[in-house]
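The sequence lines fix the lettering, A, B, ..., with proteins before strands; numbering per chain opens at 1. Everything quoted here is computed from the prediction, not taken from an experiment.
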Number of protein chains: 2
Amino acid sequence: MDQGLTIKEVAHITGLSEHTLRYYERIGLLDAIERASNGHRRYSERDVAWIEFLNRLRLTGMPIRHMQEFADYRRQGDPTIRQRRCLLEAHEQALVQQIAALERHLTAIRDKIQHYNLIFVQHYKTMEITENANE
Amino acid sequence: MDQGLTIKEVAHITGLSEHTLRYYERIGLLDAIERASNGHRRYSERDVAWIEFLNRLRLTGMPIRHMQEFADYRRQGDPTIRQRRCLLEAHEQALVQQIAALERHLTAIRDKIQHYNLIFVQHYKTMEITENANE
DNA sequence: TCTTGACTTAGAGTACGCTCTAAGATGTAC
DNA sequence: GTACATCTTAGAGCGTACTCTAAGTCAAGA
């Protein structure tokens, strides 16, 4: 009917729930989505690409209010490309920091696992000795 | 007074708020902290090391309920080392996945920035042409 | 003695990002 | 025509992790 993707299809493609897609539209992350003659939403490929980009920003920890700011600039078109690039570069830097921090934590967690391995081996040896003593 | 670190000191060292330190104790992430004669908390070095470890788990996305499970095992002592190692190994794997996902997103975001750079250059060229035409 | 400040408690409140509900409209299958 | 699915809306509710409040205790300093 009419053309474009249904909310169900877009939910499936993007991994967001239908609830979330409506919510994102309501809070201005998405421009008003086109409607079929019965009032149902019909998403374009461009909408889907934008939703996937938004999702990327969310999954990398950008708060909704920053995404709203970004979406506002996007609505204003070409003259705001500089601002959008600037926001995105700041987010890129934050992401680089975030990954670096996670890698430090990963190293520390691996050290802890290694520590447990050592304790476990010691524990095992102690049990062997105990078993031998019991013979 | 007495010995050990005050809650203020530990908040400063760990970067958690005093509220959060009390909260973590209340929900069983921390064993009952020792008290000075006036009832004020006095944290040991061991407490601080454990708090820093908990913080690492939080900062890498572990939900509180998993941390509680981990803390419960810890309270039970040596016999649960195997379980703790197992939990930690699962978290290590999750973290590796998480970092990999973030790196994919980072690449995509950089592509988008590059895309903006191209548009910007085109925009600039167009303006030059317009200026020349105006001469 | 009075004030100040650091702490204590139980429990209420908040921010965030969804997630769900209820009531209603529309289109398809039998 | 009637059952059913799929969608619509406004607005309420929820889970997580804090974060704050109010009332009170205690000890040191002027």
Please list each protein N or O that sits under 3.5 Å from an N or O in nucleotides 6-8 of chain D, with the distance.
residue	atom	partner	partner atom	Å
D/dT6	OP1	A/K8	NZ	3.4
D/dT8	OP1	A/R41	N	2.8
D/dT8	OP1	A/R41	NH1	2.9
D/dT8	OP2	A/R22	NE	2.9
D/dT8	OP2	A/R22	NH2	3.1
D/dT8	OP2	A/R41	NH1	3.3
D/dT8	O5'	A/R41	NH1	3.4

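- The minimum heavy-atom distance linking B/R42 with B/G4 is given by the pair CD-O, 3.7 Å.
- Between the CZ atom in B/R35 and the NE2 atom in B/H40 there is a gap of 9.0 Å [rounded to 0.5 Å].
- Not a single side-chain contact (heavy atoms from CB on, under 4.5 Å) links B/H12 to another residue, sequence neighbours left out.
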Exercise for the section: Using the side chain to side chain contact (heavy atoms under 4.5 Å, CB included) rule, take A/L88 and A/L57 through it: C-alpha gap first, then chi angles, then the decisive distance, then the call. Expected result: CA-CA 9 Å; A/L88 220 48; A/L57 296 181; 4.1 Å; yes
Would you tabulate the side-chain donor-acceptor contacts of residues 108-120 of chain A under 3.5 Å, counting partners in other chains and residues two or more places apart, or write 'none'?
residue	atom	partner	partner atom	Å
A/R110	NE	B/E92	OE2	2.8
A/R110	NH2	B/E92	OE2	3.1
A/N117	OD1	B/R85	NH1	2.7

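- The aromatic rings of A/F70 and A/F53 are tilted relative to each other, their planes meeting at an angle between 30° and 60°.
- Atom CD in A/E25 sits about 18 Å away from atom P in C/dT19, given to the nearest Å.
- Note: CG (A/L29) to C1' (C/dG17) measures 11 Å, nearest angstrom.
- Fit an axis to the five pairs at each end of the helix from C/dT1-D/dA30 to C/dC30-D/dG1 and the two axes sit 10° apart, to the nearest 10 degrees.
- Proximity of B/Y24 to the phosphate of D/dC18: a side-chain N or O atom is located under 4.0 Å from OP1 or OP2.
- Counted by atom type alone, A/T60 and A/H91 present one or more donor-acceptor pairs between their side chains at under 3.5 Å.
- Rounded to whole Å, the distance from OH on A/Y23 to C1' on D/dA10 is 15 Å.
- Whole-Å rounding puts the A/L16 CG to C/dT19 C1' distance at 13 Å.
- A/R56 and B/R104 make their closest contact through NH1-O, 4.3 Å (heavy atoms, listed as atom of the first residue, atom of the second, distance).
- Non-hydrogen atoms lying under 4.0 Å from DNA chain D are contributed by B/R58, B/P63, B/I64, B/R65, all within residues 50-68 of chain B.
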Exercise for the section: Assess whether side chain to side chain contact (heavy atoms under 4.5 Å, CB included) is satisfied between B/L54 and B/M62, documenting all intermediate values. Expected result: CA-CA 9 Å; B/L54 285 176; B/M62 184 183 282; over 6 Å; no
Quiz: residues 19-33 of chain B side-chain donor-acceptor pairs under 3.5 angstrom, not counting sequence neighbours:
residue	atom	partner	partner atom	Å
B/T20	OG1	B/S17	OG	2.8
B/E25	OE1	B/R41	NE	2.6
B/E25	OE2	B/I33	N	3.3
B/D31	OD1	B/R75	NH1	2.5

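- Atom-to-atom, OH of B/Y43 to C1' of C/dA6 comes out at 14 Å; the value is rounded to the nearest Å.
- Protein atom NE2 of B/H19 is 13 Å distant from nucleotide atom C1' of C/dT14, rounded to whole Å.
- Taking atom CZ on A/R26 and atom C1' on C/dT19, their separation rounds to 10 Å, with Å as the unit.
- Hydrophobic clustering of Ile, Leu, Val, Met, Phe, Trp and Tyr side chains at less than 4.5 Å, counting indirect connections, unites B/V96 with A/L102.
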